[in-house]
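Okay, so here's the structure we're looking at.
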Amino acid sequence: GRACLSHSEPRARDGRSGEEEEEEEEEEEGRYQLYPGHIPTSPLQKALLAAGSAFMALCDPYRHDMVAVLGETTGCLALPNLRDKMKHHPEGYRILQERPRIRLSTLDMARLRGLPDGSLGREYVRFLENNKVSPDTRMPPKFVDDEELAYVIQRYREVHDLMHTLLGMPTNMLGEVVVKWFEAVQTGLPMCVLGAAFGPVRLSARKLQVLATELVPWAIRSGRNASCILNVYYEQRWEQPVESLREEIGIFPPP
C-alpha cells in the first residue's frame, strides 16, 4: 500500500524541513533579526526606503520618523566610522561597553532641575522645558543591520538635544539647520548633510542672511574643531558648566 505521510513534518530532499531551509536562506542573505525591533532589509529595499523617506523629510522636516529612516538607511559608511572613533577613545569605548540611555526613566529630572544655572544638567532640563520636547520621542533603530551600529545611531539621536543645549540653539527651523550643519561636519551622516543643505529653503531672507554670514560659518568651524560628540559621557557631566564642556570639546562660543 501507499505510505501515509500526513502526520509527519514535510522534509526537504536532503532531509531538512522546509522551515529549516527558510531559516538557513535568511541567514545566508543576512535577513534575520539582530536586535529587538530590527527589520531586516535588502540593499534594494534600503534604497527605496532612503528615497521615500528623503522625499517625505524634505516635504516636512518635522516628520521625525522619516528623518530617522533616512539616517538608518544611508548611514552605512558614517556609522562604522563613528563606532571606530568611539572604540579608540577611553570615554567613547566605555559608552559602547555600558550602553547608557538618555530617557525620562534614566534621568533624575528633579536633581537636574536643582543644579546651578549654567551647569549642563540644569541647562539641558531648561532646554527640554522651554521647547516642550522629551528625550522619549527618539525612535529606536529598525533598519541598521548591525547591533552595535544600531546603538551608535541611537546614542546620536539621544544626544541631539544636548547638542542644542551646548550650541545654544532652539528647536525652530533656524536652530535645527544650525545644529544639522554642526552634526553634518561631526558625523558625516548623509541625513545631516541633507538637512543642512535643504533646511534653509524654508527660512525668510533675513534669517538666511544671518545663517549664511554668522551661524553656518560658526557651526562648521566648531564641528571641525570639536572632538567627537559621541565620546562624551554626558550622564557623568551634568554638574559641569556648559562653558567648560564647550571648551573641553572644542565648540566655539555662539555668535
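Along the sequence shown, residues carry numbers from 1. These numbers were taken from a predicted model, which means no experiment stands behind them.
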Which heavy-atom pair separates [X] from [Y] by the least distance, and what is that distance?
X	Y	result
Ala150	Pro141	O-CG, 3.5 Å
Leu70	Ala54	CD1-CB, 3.9 Å
Thr187	Cys192	OG1-SG, 3.9 Å
Gly195	Pro200	O-CD, 4.2 Å
Glu147	Tyr35	CA-CD2, 3.9 Å
Pro100	Ile95	CD-O, 3.4 Å

- Message: Could you check whether any side-chain N or O of Gln186 sits under 3.5 Å from a backbone N or O of Ile229, counting only pairs where one atom can act as donor and the other as acceptor?
- Response: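 Confirmed, Gln186 side chain pairs with Ile229 backbone.
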- Flag, side chain of Trp238 to backbone of Arg122, donor-acceptor distance under 3.5 Å: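 Pair absent, no side-chain N/O of Trp238 close to backbone of Arg122.
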Side-chain donor-acceptor pair under 3.5 Å between [X] and [Y], yes or no?
X	Y	answer
Glu91	Gln236	no
Thr41	Lys46	yes
Glu183	His160	yes

- Is it true that the NZ or CZ of Arg94 lies under 6.0 Å from the centre of Tyr233's six-membered ring and within 45 degrees of the ring axis?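 Not satisfied by the 6.0 Å and 45° rule.
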Less than 4.5 Å apart, side chain to side chain, heavy atoms only: is that true for [X] and [Y]?
X	Y	value
Leu162	Ile102	yes
Phe127	Thr171	yes
Leu128	Met109	yes
Glu148	Lys87	yes

Give a yes or no on whether [X] and [Y] share a hydrophobic cluster (residues Ile, Leu, Val, Met, Phe, Trp, Tyr; joining criterion: side-chain heavy atoms under 4.5 Å apart).
X	Y	answer
Leu203	Val210	yes
Val133	Phe182	yes
Phe198	Val185	yes
Val201	Trp181	no
Tyr156	Leu245	yes

To the nearest 0.5 angstrom, please state how far the [atom1] atom of [X] sits from the [atom2] atom of [Y].
X	Y	atom1	atom2	result
Leu120	Arg246	CG	CZ	10.0 Å
Gln45	Leu49	CD	CG	7.0 Å
Arg155	Tyr234	CZ	OH	7.5 Å
Ile220	Asn225	CD1	CG	13.5 Å
Asp161	Leu166	CG	CG	11.5 Å
Glu243	Glu248	CD	CD	14.0 Å

- Query: Got a sec, which hydrophobics cluster with Leu44, joining ILVMFWY side chains under 4.5 Å apart, including via others?
  - Reply: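 The other cluster members (ILVMFWY side chains, heavy atoms under 4.5 Å, direct or chained) are Leu48.
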- Listed partners of Lys85 passing salt bridge (charged side-chain N to carboxylate O under 4.0 Å, His left out), at least two apart: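 Salt bridge (charged side-chain N to carboxylate O under 4.0 Å, His left out) check on Lys85 returns nothing, list empty.
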- Query: salt bridge (charged side-chain N to carboxylate O under 4.0 Å, His left out) with Glu214: which residues, sequence neighbours excluded?
  - Reply: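 Here no residue qualifies.
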For [X], does the [atom1] atom have more than 12 heavy-atom neighbours from other residues, nucleotides or ligands under 6.0 Å away?
X	atom1	value
Phe55	CZ	no
Glu239	CD	yes
Arg113	CZ	yes
Leu104	CG	yes
Gln209	CD	no
Arg206	CZ	no
Glu129	CD	yes

- Message: Taking Glu176 first and then Arg202, would you say they form a salt bridge - that is, a charged N and a carboxylate O separated by under 4.0 Å?
- Response: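 Salt bridge flag = no for Arg202 with Glu176.
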- Between Met56 and Val67, does a side-chain contact (heavy atoms from CB on, under 4.5 Å) hold up when you go through it step by step? CA-CA 8 Å; Met56 292 301 298; Val67 174; over 6 Å; no
- Task: Mind running salt bridge (Lys or Arg N to Asp or Glu O under 4.0 Å) on Glu158 and Arg101 for me, showing each step along the way?
- Result: CA-CA 7 Å; Glu158 292 182 358; Arg101 297 291 307 276; 2.6 Å; yes
- Message: Walk me through whether Glu123 and Arg126 qualify under salt bridge (Lys or Arg N to Asp or Glu O under 4.0 Å).
- Response: CA-CA 5 Å; Glu123 297 310 315; Arg126 195 191 311 278; 3.0 Å; yes
- Task: Begin with the C-alpha distance, continue with both residues' side-chain angles, and end with the deciding distance and a verdict on side-chain contact (heavy atoms from CB on, under 4.5 Å) for Asn231 and Ile249.
- Result: CA-CA 9 Å; Asn231 285 338; Ile249 295 173; over 6 Å; no
